[in-house]
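To keep things clear, I will list the structure first and then write my remarks on it.
Below, read A as the first sequence line, B as the second, and so on, with proteins coming before strands; counting in each chain starts at 1. Only heavy atoms go into these numbers, but all of them, side chains included; no hydrogens, no water, no symmetry mates.
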Protein chains: 2
Amino acid sequence: MLEAALFLYTESRRLTKGVASRFGLTGPQLAVIKMLEPVGRLSLSELSERIRARNSTVTGIIDRMEREGLVRRRRSSEDRRVVHIELTDAGSKLARKIPVEPFQIFRQVLGELSARDAADLKRILMRLAKRVQQIVSDADEKSAVPNASADDGAK
Amino acid sequence: MLEAALFLYTESRRLTKGVASRFGLTGPQLAVIKMLEPVGRLSLSELSERIRARNSTVTGIIDRMEREGLVRRRRSSEDRRVVHIELTDAGSKLARKIPVEPFQIFRQVLGELSARDAADLKRILMRLAKRVQQIVSDADEKSAVPNASADDGAK
DNA sequence: CAGAAACGTTTCGTGTACGAAATAGTTCCT
DNA sequence: AGGAACTATTTCGTACACGAAACGTTTCTG
């Protein structure tokens, strides 16, 4: 069971990475392009939130994409702290060429489950998540450490 | 539903990393130490397989741990291509201090599920994994890539 | 309005993570 | 034996990923 969950996770990475490399992109870069395509532009923070990475990480990703001429940085005029990221012509052209399919593959497979299985899965995962959260916050209180946040990269 | 799965994944990373840093380790380093503790020593390849990383990645992890005096490299005498990694005294002392709990937290929570939920979850995840594998290997055939080996899976 | 607090972004240092190529050692074939 | 094929590990170059600290900007508060 843990194996299946792990497989699903590693496979999702393999999938996106595979598709991305066919277009000369990396996984995160693909995510950025597809995130920008429909909305036009996003602030760096909005972008980080959506691809679930820290600002400092996204800065690097955008640096490289800017170097490749895929995106452009533009200072916001309303709030000059903000940087908007937008696709260049080359970037949006590339975005249109990449099929959405790989992002949707898990949604698709989930959609193929029977209604009952889908409901069961949802219910069980929610229960697990809730329980883990409970245990974690208990532990945080006990250790009473001011800073508790931490994530990492390891994929 | 996807959110719950994602939460479980990111939370698992947060947990291990949090515990690891309390002992001056990183996530992967903690994994290595706990992997070595019961068996004494492993070849670098065995280690990579178990922590699900490539040899070239593990080389770096071991380099840093060796620098910290936690592990030792020792050339195998039977097969001189092989390098055994083993804990130093300091390493195994540290290993004994670290509670196993955080690694088991998900197993624990899974164990708290009712027998029926556990069975359902297992069945559904297996089905999803199988289906994804199917789709992926179809795609691989079409693009005519020679190697299509799926990832390992054991834990 | 001035100083403090908050916010958004970048910079810096460390640690993964991977693939490709290089290196060293082993086994297999004839 | 002698080279081809194979295996285990390291080296190299690139890209994430994170937290802490530095900066410039904006907002809050007195």
_Carboxylate-amine/guanidinium contact A:D63 A:R73, below 4.0 Å_ = yes
Polar atom pairs (N or O), protein with nucleotides 11-14 of chain C, under 3.5 Å:
none

*Find out if a path of hydrophobic residues (ILVMFWY) with successive side-chain heavy-atom gaps under 4.5 Å connects B:V82 to B:L44.*
no
_In whole Å, I'd like the distance from the CD atom of B:E49 to the P atom of D:dT9._
11 Å
*asked:* With a 4.0 Å limit, can you tell me whether B:T26 has a side-chain N or O closer than that to the phosphate oxygens OP1/OP2 of C:dG15?
replied: no
*B:R123 atom CZ: more than 12 heavy-atom contacts under 6.0 Å*: yes
*What distance separates B:T88 OG1 from B:L36 CG, expressed to the nearest 0.5 Å?*
10.5 Å
*Does the pair B:R72 and B:E66 meet the rule for a salt bridge (charged side-chain N to carboxylate O under 4.0 Å, His left out), with working shown?*
CA-CA 6 Å; B:R72 190 175 22 239; B:E66 203 171 20; over 6 Å; no
*Mind calculating the distance between CZ (B:R73) and C1' (D:dT11) to the nearest angstrom?*
12 Å
*Heavy-atom side-chain contact between B:I98 and B:L25 under 4.5 Å*: yes
*Can you tell me how far P of D:dA15 sits from CD of A:E66, to the nearest Å?*
15 Å
_Per A:I61 side chain, nearest of listed nucleotides C:dT10, D:dC16, D:dG19_ = D:dC16
*Ignoring the backbone of B:L44, work out which of C:dT10, D:dT9, D:dA15 is nearest its side chain.*
D:dT9
Under 3.5 Å, which N/O atoms of the protein pair with N/O atoms of nucleotides 23-26 of chain D?
from   : atom 1 : to    : atom 2 : distance (Å)
D:dT25 : OP1    : A:R80 : NH2    : 3.4
D:dT26 : OP1    : A:R80 : N      : 2.9

*asked:* Determine whether a donor-acceptor pair (N or O, by modelled atom type, separation under 3.5 Å) exists between the side chain of B:S92 and the backbone of B:A95.
replied: no
*Euclidean distance, atom CZ of residue B:R54 to atom C1' of D:dC16 [Å, nearest integer]*: 16 Å
_Joint cluster assignment, B:L94 & B:L42, ILVMFWY side-chain distance < 4.5 Å_ = yes
_Nucleotide D:dA8, atom P - distance to CD1 of B:I62 in whole Å_ = 17 Å
*asked:* In whole Å, I'd like the distance from the NZ atom of B:K17 to the P atom of C:dT16.
replied: 9 Å
*Over how many whole Å does the gap from B:H84 atom NE2 to D:dT7 atom P extend?*
18 Å
_B:R64: salt bridge (Lys or Arg N to Asp or Glu O under 4.0 Å) partners, not counting sequence neighbours_ = none
